K.L.:
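Dropping the structure in here first, questions after.
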There are 2 protein chains.
Amino acid sequence: MTRDQGIAAAIHDEIERLILNGTWKPGQRIPTELELTARYDCARMTVHKALARLAERGLIVRRRRAGSFVAAPPAEQAVLTIGDFAEEAARTGQRYTHEILLRSEIPAPAGDFTTGEPLLLLHCLHRFDAVPAAWEERLIRIAAVPAVRTARFEREAPGTWLLRHVPWSQAEHEISAATAEAGVARRLNLRRGAALLCLRRRTWHGGGIVTDVRLSFPAERHRFTARFSATTEK
Amino acid sequence: MTRDQGIAAAIHDEIERLILNGTWKPGQRIPTELELTARYDCARMTVHKALARLAERGLIVRRRRAGSFVAAPPAEQAVLTIGDFAEEAARTGQRYTHEILLRSEIPAPAGDFTTGEPLLLLHCLHRFDAVPAAWEERLIRIAAVPAVRTARFEREAPGTWLLRHVPWSQAEHEISAATAEAGVARRLNLRRGAALLCLRRRTWHGGGIVTDVRLSFPAERHRFTARFSATTEK
DNA sequence: AGTGATTTGTTCGTATGTATT
DNA sequence: GAATACATACGAACAAATCAC
């Protein structure tokens, strides 16, 4: 057994290894809690904890009376981390700046918002080492974050500011590609028709939508990476 | 308390709600296990289980002696599900077909593979209702999946076939945008220079790389969507 | 159709260890 | 070093699901 973070963790890891390297194959039934209790010479609760964690992570499926089974490999999934700009720049040693190019209060158009309610519309250009890196168009529902009216977004970009002011929200992301039309191309210093990587994120909090943001990245300068593994640490 | 899946689950859900709706704010210390034990009139182990799960999900941070605290809202994360083509088509009621346009054994170029070892190179066109939907270029390390030599990929696309033959692998994904060069444009029936949404996925199993695939989607016809919420069920 | 046995699910109470203040 | 609060493990009991007869 590998880690000495405890017996349960060790059992968990060992069984995980057996599944990942194919010793225990999908669909195969694994020993019962009692058998494992004997094998590892520990309490049933300890085995149970290890198996419960494996089940939670989707490596095994448990059915009362029937037993525990190695799960079918999952549909491809990836955990995408969409970093904060400032953070990302810091990681790569670049200097990050942003500039608010438009700020206006408008009534909500038809769509996700309640039509007519007051929104704040922002256009923001993000730069890494003075080179345009992303173009942001954002709508914020003022009623959801009244403080936004007085925020100047000088030190922090709107996204970072919101993260601090609307904790623990839900979000929906959409990643797509597009060709740059004239306005965006000019802002990002690209030719018209250049490929863009686009991220749209809508964020909700407590049932109501808070913000709807569209980010456009020059294709050569940005990509999203994600690692999926059943072995995800922690 | 909401669900009657057990006391621990109910406590977990209630605390989650308090955090999500902002009653308990980031950084704030939450009651000790003993206090919660009293409040919910249950055993400390039951409370512990609920808190352990919340900690695992990242909603709280636990420090010995210091107590448990509401975590800072996470960096934006999204769980991206990259569906199987056949599956996706079935969901939208379209007819899915694929066609292998190239199949050849080549020695590995420098890169992720051990230079010179035998690989299978595949080009595959995916269609939804006869319209080109994705262009796939794939390398498979033959030593990792010997059975691939005899596979014809007539009924199943290479990706689906591999999923069944190499269970429980790890993968790394990269999403980017690009403009179509002549070859891909022709395959996908696009103009040269059209925007593409690109997905590169490298898959490992048991330490060794198994396959490296690049998928190109016409920008207008495909997007990735992902929902993130701290409230993720299960 | 029903009964009993098996297996997992949940909780309880207790004990001990460990990190931090 | 002492107190605190979390971390882990043990053993026991009963509940719930379901398989086999």
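Note: hydrogens, waters and symmetry copies are ignored here, and every other heavy atom, side chains too, is used. Keep in mind that what you see is a predicted model, and the values were worked out from it rather than measured. Naming convention: chains lettered A, B, ... in sequence-line order (proteins, then strands); numbering from 1 in each chain.
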K.L.:
With respect to the phosphate group of D/dT8, does any side-chain polar atom (N or O) of A/Thr46 fall under 4.0 Å of OP1 or OP2?
P.N.:
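So the side-chain polar atoms of A/Thr46 never come under 4.0 Å of the phosphate oxygens OP1 or OP2 of D/dT8.
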K.L.:
Using atom CD1 of B/Ile60 as one end and atom P of D/dA5 as the other, report the distance to the nearest whole Å.
P.N.:
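Atom CD1 in B/Ile60 sits about 15 Å away from atom P in D/dA5.
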K.L.:
What is the distance, to the nearest angstrom, from the CD atom on B/Glu35 to the P atom on D/dT4?
P.N.:
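Answer to the nearest Å: 13 Å.
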K.L.:
Go through D/dA9, D/dC19, D/dA16 for me and flag the one nearest to the A/Ala8 side chain.
P.N.:
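Side chain of A/Ala8 sits closest to D/dA9.
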K.L.:
Round to a whole Å and report the spacing from CG of A/Leu51 to P of C/dT10.
P.N.:
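Rounded to whole Å, this separation is 13 Å.
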K.L.:
For the side chain of B/Cys42, starting at C-beta, report the closest nucleotide among D/dC6, C/dT8, C/dC12.
P.N.:
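Closest nucleotide among those given: C/dC12.
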K.L.:
If the plane angle is over 60° it's perpendicular, under 30° parallel, otherwise tilted; pick one for A/Tyr96 and A/His98.
P.N.:
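Correct class here is parallel.
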K.L.:
With a cut-off of 3.5 Å and sequence neighbours excluded, list every side-chain donor-acceptor pair involving residues 138-152 of chain B.
P.N.:
unit_1: B/Arg138; atom_1: NE; unit_2: B/Glu136; atom_2: OE2; d: 2.6
unit_1: B/Arg138; atom_1: NH1; unit_2: B/Thr211; atom_2: OG1; d: 3.2
unit_1: B/Arg138; atom_1: NH2; unit_2: B/Glu136; atom_2: OE2; d: 3.2
unit_1: B/Arg141; atom_1: NE; unit_2: B/Ile209; atom_2: O; d: 2.7
unit_1: B/Arg141; atom_1: NH2; unit_2: B/Ile209; atom_2: O; d: 3.3
unit_1: B/Arg149; atom_1: NE; unit_2: B/Glu105; atom_2: OE2; d: 3.1
unit_1: B/Arg149; atom_1: NH2; unit_2: B/Glu105; atom_2: OE1; d: 3.1
unit_1: B/Thr150; atom_1: OG1; unit_2: B/Ala147; atom_2: O; d: 3.2

K.L.:
Would you kindly give the CD-to-C1' distance between B/Glu56 and D/dA7, to the nearest whole Å?
P.N.:
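For the pair B/Glu56 CD and D/dA7 C1', the rounded distance is 14 Å.
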K.L.:
Which of these nucleotides, C/dT7, D/dC6, D/dC10, is closest to any side-chain atom of B/Arg62?
P.N.:
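Between C/dT7, D/dC6, D/dC10, the one nearest the side chain of B/Arg62 would be D/dC6.
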K.L.:
Quick one: on DNA chain C, does B/Lys49 or A/Ala66 contact a more 5' nucleotide (nearest heavy atom)?
P.N.:
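The residue mapped nearer the 5' terminus is A/Ala66.
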K.L.:
When you measure from the side chain of A/Ala43, which nucleotide among D/dA7, D/dC10, D/dA9 comes out closest?
P.N.:
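Nearest to the side-chain atoms of A/Ala43, counting from C-beta on, is D/dC10.
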K.L.:
Using heavy atoms to find the nearest nucleotide of DNA chain C for B/Asp41 and A/Pro31 separately, return the residue whose nucleotide is more 5′.
P.N.:
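Of the two residues, A/Pro31 wins.
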K.L.:
Is the distance from OP1 or OP2 of D/dT4 to the nearest side-chain N or O of B/Thr32 less than 4.0 Å?
P.N.:
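Looking at the OP1 and OP2 atoms of D/dT4, neither is under 4.0 Å from any side-chain N or O of B/Thr32.
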K.L.:
A/Ile30 has an atom CD1; how far is it from atom C1' of C/dT8, in whole Å?
P.N.:
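These atoms are roughly 12 Å apart.
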K.L.:
Could you check whether B/Glu16 pairs with B/Arg53 (Lys NZ or Arg NE/NH1/NH2 to Asp/Glu carboxylate O, under 4.0 Å)?
P.N.:
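No, B/Glu16 and B/Arg53 are not salt-bridged.
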K.L.:
Measure from CG on B/Leu34 to P on D/dC6 and round the result to the nearest Å.
P.N.:
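That distance rounds to 8 Å.
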K.L.:
Taking the side chain of A/His48 as its heavy atoms from C-beta onward, which of D/dT8, D/dA9, C/dG9 lies nearest to it?
P.N.:
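Closest nucleotide among those given: C/dG9.
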K.L.:
Among the candidates D/dA7, D/dT18, D/dA9, find the nucleotide nearest to the side-chain atoms of A/Arg65.
P.N.:
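Nucleotide nearest to A/Arg65's side chain: D/dT18.
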K.L.:
Listed by chain and number, what are the side chain to side chain contact (heavy atoms under 4.5 Å, CB included) partners of B/Glu137, not counting sequence neighbours?
P.N.:
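Side chain to side chain contact (heavy atoms under 4.5 Å, CB included) list for B/Glu137, sorted by chain: B/His123, B/Trp135, B/Val184.
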K.L.:
To the nearest 0.5 Å, what is the distance between CG on B/Leu120 and CZ on B/Phe153?
P.N.:
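With rounding to 0.5 Å, CG (B/Leu120) is 6.0 Å from CZ (B/Phe153).
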K.L.:
Counting only side-chain heavy atoms from C-beta out, which of D/dT8, D/dA16, D/dC10 sits nearest to B/Arg44?
P.N.:
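So the side chain of B/Arg44 is nearest to D/dT8.
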K.L.:
What integer distance in Å separates A/Arg29:CZ from C/dT8:C1'?
P.N.:
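Computing the A/Arg29:CZ to C/dT8:C1' distance gives 11 Å.
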K.L.:
With DNA chain D as reference, determine whether A/Arg63 or B/Glu33 sits nearer its 5' end, using the nearest nucleotide of each.
P.N.:
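Nearer the 5' end of the strand: B/Glu33.
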K.L.:
Nearest whole angstrom, please: distance from the C1' of D/dC6 to the CZ of B/Arg53.
P.N.:
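Nearest whole value for this atom pair: 19 Å.
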